[in-house]
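Here the structure is laid out as structure tokens; the discussion comes afterwards.
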Amino acid sequence: MQQRKLGGLTVSAIGLGCMGFSQGYGSVDDDESIAAIRTAIGSGITLFDTAQSYGGGHNERLLARALRDADESVRVATKFGIVRTDAGVGLDAKPERVREFCDASLARLERDVIDLYYLHRVDPEVPIAETVGAMAELVRAGKVRQIGISEATPEQIAQAAAVHPIAAVQFEWSMLWREPEGDIVPAARELGIALVPYSPLGRGLLTATLDSDTVASSDFRRNDPRFTGDNLASNLAQVTALREFAGRLGISAGQLALAWLLAQGPDVVPIPGSRRAGRIVENAAAAAVELSADDLAELEKIVRAEAWAGDRQSFAAHGTARSGS
Ligand SMILES: NC(=O)c1ccc[n+]([C@@H]2O[C@H](COP(=O)([O-])OP(=O)(O)OC[C@H]3O[C@@H](n4cnc5c(N)ncnc54)[C@H](OP(=O)(O)O)[C@@H]3O)[C@@H](O)[C@H]2O)c1
């Protein structure tokens, strides 16, 4: 698999998003999940993306079990800041909590150091510079190698980078969701920060395997405006065009969606999520797909950015988080 850089880390061009092993997309069996994660390693994947909040710690513990015999090339990225309280799901990125969150993640992950530690959501009650200041102390203490931020605005990214080098920003970006190309992508690039698109398969839509029944079985997609009513019907028509174009190239629709992201620049490292070994292998193989300039131009005409219907439900703007984050 081709390699890319996240700050000082070298990782596979395509990582594995692990959230679905604990929440969001339906039932899971831990033994099958562990086998799927090991299949990912066998496919050349070295970047594994988790979070303290995924399954309330289940995801980090599962990853620890799966990676026990993995070699040094395997990199773990985790996130803090989304917390569950009696009042529901909220945010906490107070500096005094950051070390505690990190120690708890290290214990669940059974590791001495986190390769890439993200602030999952900016806490509206805490200036981002203060949170990042506490994260920088973790780097100095040898508990964290690189710092990242998820779902931040360009202004917040700049404020964070003024405190400590930021290796990566994580945000939703895919053929289905192009908005970051107008602000986050150029802002991060100006600061030399790598881009980690989450939900790169458009929460599964871009794989051309979804229909209204599968959407209804997912606990958060059915609340996402892009997956409901007329919007879904219209978006599925776009996906048909995507699938037909992919077929002409001899690849799957999902592989085309991932190859499109990789073609946006050498600083892009998508983290598709799947609970199934066969699909992980399929997704990893997208790293070998080379799209020509003509392919990319034709794709823009066939699957038009402005033709997608429905807004995404904003996580950051509400200051809260949902199970799909
Ligand atoms: N920073 C954040 O706030 C944030 C938010 C969301 C996600 N994330 C991270 O990003 C990762 C990926 O995002 P995501 O899981 O939301 O969306 P995604 O990767 O765009 O899509 C995942 C969905 O696609 C399906 N899928 C994957 N590969 C497939 C294939 N080859 N063929 C058919 N279906 C396929 C999966 O189903 P199966 O599991 O059944 O294969 C799942 O339903 C997460 O795991 C998480 O690590 C971060």
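One-based numbering, in listed order, for ligands and for the atoms of each.
Remark: Arg226 qualifies as a cation-pi partner of Trp177 under the 6.0 Å distance and 45° angle criteria applied to the six-membered ring.
The OG atom of Ser12 sits 6.0 Å away from atom CG of Leu47, with the distance rounded to the nearest 0.5 Å. Between atom CG of residue Leu116 and atom OG1 of residue Thr78 there is a gap of 9.5 Å, rounded to the nearest 0.5 Å. With rounding to the nearest 0.5 angstrom, the OG atom of Ser234 is 8.5 Å from the CH2 atom of Trp308. Atom CD of residue Glu60 and atom CZ of residue Phe48 lie 15.0 Å apart, to the nearest 0.5 angstrom. Going from atom CG of Leu236 over to atom CG of Asp211 covers 8.0 Å, rounded to the nearest 0.5 Å.
Residue-ligand proximity, Gly202 to ligand 1, at heavy-atom distances under 4.0 Å covers atoms 20 (O). Below 4.0 Å from some heavy atom of Pro200 lie the following atoms of ligand 1, by number and element: 19 (O), 20 (O). Of all atoms in ligand 1, listed by their number and element, those nearer than 4.0 Å to a heavy atom of Met19 are 16 (O), 44 (C), 45 (O), 46 (C), 47 (O). Heavy-atom contacts of Gly17 reach the following atoms of ligand 1: 11 (C), 44 (C), 45 (O), 47 (O) (cutoff under 4.0 Å). Per-residue contacts place Lys79 under 4.0 angstrom from the following atoms of ligand 1 (heavy atoms of the residue considered): 1 (N). Each of the following atoms of ligand 1 lies closer than 4.0 Å to a heavy atom of Ser274: 27 (C), 28 (N), 38 (P), 39 (O), 41 (O). Here is the list of ligand 1 atoms found below 4.0 Å of a heavy atom in Thr209: 33 (C), 34 (N). Each of the following atoms of ligand 1 lies closer than 4.0 Å to a heavy atom of Ser150: 1 (N), 2 (C), 3 (O).
A salt bridge links Arg189 to Asp267: at least one charged side-chain nitrogen sits closer than 4.0 Å to a carboxylate oxygen. Ion pairing of Glu32 with Arg38 is absent here, as no side-chain N (NZ or NE/NH1/NH2) approaches a carboxylate O to less than 4.0 Å.
Looking at residues two or more places apart in sequence or on another chain, you find no salt bridge (Lys or Arg N to Asp or Glu O under 4.0 Å) involving Lys5.
Ligand 1 has no N or O atom lying under 3.5 Å from any N or O atom of Thr50, backbone or side chain. Ligand 1 has no N or O atom lying under 3.5 Å from any N or O atom of Pro272, backbone or side chain. In terms of polar-atom proximity, defined here as any N/O pair under 3.5 Å, Gly20 makes no such contact with ligand 1. The distance criterion of under 3.5 Å between nitrogen or oxygen atoms is not met by Glu151 with respect to ligand 1. Polar contact with ligand 1: present for Arg276 (N/O pair, distance under 3.5 Å).
Comparing Asn283, Ile271, Thr207, Asp49 by heavy-atom distance to atom 31 (N) of ligand 1, the nearest is Asn283. Among Arg279, Gln255, Gln170, the residue whose heavy atom sits closest to atom 29 (C) of ligand 1 is Arg279. The option from Gly273, Gly204, Ala253 that lies nearest to atom 36 (C) of ligand 1, judged by heavy atoms, is Gly273.
Listed by first and then second residue, the salt bridge (charged side-chain N to carboxylate O under 4.0 Å, His left out) pairs that reach into residues 236-255 are Arg248-Glu298, sequence neighbours excluded.
Put simply, no part of Glu172 is less than 4.0 Å from ligand 1, judged by heavy atoms. The closest approach between any non-hydrogen atom of Phe171 and ligand 1 is not below 4.0 Å. The closest approach between Arg221 and ligand 1 falls below 4.0 Å for a heavy atom of the residue. Look at Arg121 and you'll find a heavy atom under 4.0 Å from some atom of ligand 1.
Hydrophobic clustering (side-chain heavy atoms under 4.5 Å, transitive across Ile, Leu, Val, Met, Phe, Trp, Tyr) groups Met175 together with Ile184.
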* Could you please spell out the steps behind the ring-ring contact (aromatic ring centres under 6.0 Å, His included) verdict for Phe80 and Tyr117? => CA-CA 8 Å; Phe80 73 95; Tyr117 200 35; 4.9 Å; yes
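For Trp173 and Glu179, the side-chain atoms include no donor-acceptor pair closer than 3.5 Å.
Only the side chain of Glu282 comes within 4.0 Å of ligand 1, judged by heavy-atom distances.
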